[in-house]
Amino acid sequence: MKKLFIYGTMALMALTSCNDFLDKAPLDAFTNTPAYWSNTSNLDNQCNTFYNNYSGYGNGSGGGWFYFKTLSDDQVDYQSTVWTYTSVVATSTNWSDPFTEIRRANYIIEGLKTSSLDEAVKANYEGLARLNRAWEYYQLVRMYGDVQWITTVVDPADKDVVYGPRTDRDIVMDNVLEDLNYATTTITGTNKQRFSADMALAMKADITLYEGTYCKYRNANDNAGKAADNTRAEKYLRECVSACEALMAKGYSLNPSYQGNYNSVSLSSNPEMIFYKPYSQNTFMHSTIDYTVNTSGTSGMTKNAFDSYLFLDGKPKATTTMDTNDAAVKDANGKYNLESVLAVRDKRLAVTVDPVLCFKGSAYSRAGVAGFTSTTGYGIAKYDNTTELSVSDRNSINKQYTDCPLFWLSVVYLNFAEAKAELGTLTQADLDNSINKLQERAGLPGMTTQPEADPANNMGVSNLIWEIRRCRRCELMCDNWTRYWDLIRWHKLDLLDSSKNPTIYLGANMKNVENPEVDVNSDGYMIGSNTLNQPRTYEAKHYFYPIPTTQLTLNTNMEQNPFWK
């Protein structure tokens, strides 16, 4: 399939933003007439700009959604391990950028009302706009809670809208669901590099799972007075199941290679892909692989995450009868080798981390690149392609051209199983048709509806939900900042407190390392680089980002988020 390079290039008719919550600058880059909105090329230009909001592996030298989003219990960042915000800020693109894209979507929707195009054609473009409006509002609600719901291109003179109060986040999310439902029934086309009805269904599954579980587990004390709402939760979880079932009936199938979803130069023939971001050598590239071999340091996997992977008998570390010794041994090359440790674990682990430890005093060269170290001793290898990319291309900024998955089948399977488990309707057949396919690919026995207890279960959920959450964590390790937002929706953000959960700041077992040049604890585990002076303490305020003070000054009808005042 031919690759389409619309990512990373702003459409000619891009709408510029300003620091206010909504861009109110005149849109004079084009003539806003019925003729403009009756031209499909113009509409394509406007809609193509939305692709810039799907970062994937990043554009050029910048970071992306995979590997770089380290605020969780999965990685220790090589620079900073603190919360996204530790104090209130004056401005933030996390607040302003989504509203710019929402305004773009509303402009398209308004313009289409004057268009002379066929109704089905107009519906397709409106579906694209509403899909992306839903996506942006979902981001805003996750970060800020209540936000203004706006469906028109706001006149700056309309102060009741511009400076009105925020809309209840539940109402916003109900409107998001309406937008998603519209998009799933109107968007045409099946190209996996472009927006499609299937991609809209996959997005709907992600968003409705988030909303359903968030509403089930939220707490009035921590979530701006919003208590758990089981009726609402069930509604959204049923919507998630419905979206997943629709996709599971469409002929997608798992890619035999787990790592192949992440390090392929082309995902066009991958049967698992629903929507992916294409890259191409010398045309449009990224730098994700290079950052995983950064000689200045890389963000390694935590002991907490490493321990979450099951053993090949399907049991966790606490109950397995297999060898649980996780200490690397010195090999003939003088490196500390993990091969025997990885050989008895979930097969995903062996392709997610490097086969030897990499730490200060023992740098590792992955397939010819310059030696690098990790904050925890565990390097992240799952995104690297050591056979098709040259050493120079892998070890340089803006040289990688592996395609990036954005929505794919394994996530649909995970969403389906979790939603049905939360509803209490998950059957063995459901598991066999979803998560157990992932288990098989990982070399693990199938999951049952009554798994044995794991003493490590610290989430207060059933054994079944615990195991489904484990599978999700291991399947999506270091992907899309999934883990952080999972902890938010499960109301388990306190697990990111390093004093209460020290294994999130620990790394590899260094017992066999002679005179290590890194800090280790009394049990011989590496203490994550930079963490000694960066304790991370949980506070309820971190369930929301702070509203930028500039917005509060402009709009006196808005109040600061809880605990940030």
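All values reported here derive from a predicted model rather than from experimental measurement.
- Between the side chain of Thr373 and the main chain of Gly297, no donor-acceptor pair closer than 3.5 Å is present.
- At distances below 3.5 Å, at least one donor-acceptor pair connects side-chain atoms of Asn521 with backbone N or O atoms of Asp523.
- Side chains of Leu389 and Lys399 form no contact here, defined as non-hydrogen atoms less than 4.5 Å apart.
- Between the side chain of Asn255 and the main chain of Ser257, a donor-acceptor pair closer than 3.5 Å is present.
- Side chains of His542 and Thr84: a donor-acceptor N/O pair is absent below 3.5 angstrom, by distance only.
- Judged purely by atom type and a 3.5 angstrom limit, Ser498 uses its side chain to pair as donor or acceptor with the backbone of Arg536.
- Between Leu406 and Met199 there is no side-chain heavy-atom pair separated by less than 4.5 Å.
- Legend: salt bridge (charged side-chain N to carboxylate O under 4.0 Å, His left out) pairs involving residues 279-300, not counting sequence neighbours: none detected.
- Not one N or O on the side chain of Lys192 forms a donor-acceptor pair closer than 3.5 Å with the backbone of Ser268.
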Kindly determine whether Glu272 and Ser410 satisfy side-chain hydrogen bond (donor to acceptor under 3.5 Å, both in side chains), including the steps that lead there. CA-CA 7 Å; Glu272 196 168 336; Ser410 60; 3.2 Å; yes
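- Geometric assessment of Arg366 against the ring of Tyr364 yields a negative cation-pi assignment under the 6.0 Å and 45° thresholds.
- A distance of 7.5 Å separates CZ in Phe275 from CE in Met203, rounded to the nearest 0.5 Å.
- With hydrogens and angles disregarded, no donor-acceptor distance shorter than 3.5 Å links the side chain of Asn223 to the backbone of Lys226.
- Between Asn385 and Tyr401, the side chains place no donor N or O within less than 3.5 Å of an acceptor N or O (distance only, hydrogens not considered).
- Between the OG atom of Ser365 and the CZ atom of Phe372 there is a distance of 8.0 Å, given to the nearest 0.5 Å.
- To the nearest 0.5 Å, the span separating CZ on Arg441 from CG on Leu438 amounts to 6.0 Å.
- Interatomic distance, CG of Leu431 versus CG of Leu426, reported as 4.0 Å (0.5 Å rounding).
- When all heavy atoms of Trp95 and Pro548 are compared, the pair lying nearest together is CB-CG, 4.0 Å.
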Given Tyr252 and Trp408, is the side-chain contact (heavy atoms from CB on, under 4.5 Å) satisfied, shown in steps? CA-CA 9 Å; Tyr252 296 99; Trp408 64 107; over 6 Å; no
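- A side-chain N or O of Tyr78 and one of Asn294 form a donor-acceptor pair less than 3.5 Å apart.
- Here the closest heavy-atom approach between residue Ser266 and residue Asp403 is recorded as CA-OD2, 3.2 Å.
- Of the residues Thr302, Asp73, Thr81, Thr531, the one that meets the side chain to side chain donor-acceptor pair (under 3.5 Å) test with Tyr505 is Thr81.
- Of the possible donor and acceptor atoms, one in the side chain of Gln400 sits under 3.5 Å from a partner among the backbone N and O of Ile289.
- In terms of heavy-atom proximity, Lys541 sits nearest to Thr86 at NZ-O, 3.8 Å.
- At least one side-chain heavy atom of Arg472 sits under 4.5 Å from a side-chain heavy atom of Thr482.
- Residues Arg473 and Asn304 have side chains that bring a donor and an acceptor to within less than 3.5 angstrom of each other.
- Contact record, Ala540 with Asp222: CB-OD1, 3.4 Å, taken as the closest heavy-atom pair.
- Side chains of Glu422 and Tyr217: a donor on one and an acceptor on the other come within 3.5 Å.
- For the pair Ser396 (side chain) and Asp393 (backbone), a donor-acceptor distance under 3.5 Å is absent.
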Could you check Tyr85 against Trp564 for ring pair (Phe, Tyr, Trp, His ring centres under 6.0 Å), going step by step and ending with a plain yes or no? CA-CA 10 Å; Tyr85 294 100; Trp564 287 102; 7.1 Å; no
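- Using modelled atom types and a 3.5 Å distance limit, the side chains of Tyr262 and Asp479 yield a donor-acceptor pair.
- Counted by atom type alone, Lys511 and Asn325 present zero donor-acceptor pairs between their side chains at under 3.5 Å.
- Summarising the geometry of Ser374 relative to Met526, their closest heavy-atom pair is O-CE, 3.7 Å, with the distance given to 0.1 Å.
- In this structure, the side-chain contact (heavy atoms from CB on, under 4.5 Å) partners of Val344, at least two apart in sequence or on a different chain, are Phe311, Met322.
- For an aromatic pair to be called close, the ring centres must be under 6.0 Å apart, and Tyr67 with Tyr291 fails this.
- With hydrogens and angles ignored, the 3.5 Å screen pairs no side-chain donor or acceptor of Thr375 with any backbone N or O of Ser299.
- Applying the salt bridge (charged side-chain N to carboxylate O under 4.0 Å, His left out) criterion to Asp346, with sequence neighbours excluded, gives Arg348.
- Remark: side-chain polar atoms of Asn501 are not paired, donor with acceptor, to backbone N or O of Thr503 under 3.5 angstrom.
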Is there a ring pair (Phe, Tyr, Trp, His ring centres under 6.0 Å) between Phe284 and Tyr279? Walk through the geometry before answering. CA-CA 5 Å; Phe284 179 48; Tyr279 293 87; 5.0 Å; yes
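- Asn53 and Trp135 share no side-chain donor-acceptor pair at under 3.5 Å.
- The heavy-atom pair separating Gly58 from Lys277 by the smallest distance is O-NZ, 4.2 Å.
- Side chains of Ile468 and Met447 form a contact here, defined as non-hydrogen atoms less than 4.5 Å apart.
- The closest side-chain donor-acceptor pair between Asn270 and Asn261 falls under 3.5 angstrom.
- For the residue pair Gln428 and Asp432, a side-chain donor N or O sits within less than 3.5 Å of a side-chain acceptor on the partner.
- Under the 6.0 Å distance and 45° angle rule, Arg169 does not count as a cation-pi partner of Tyr543.
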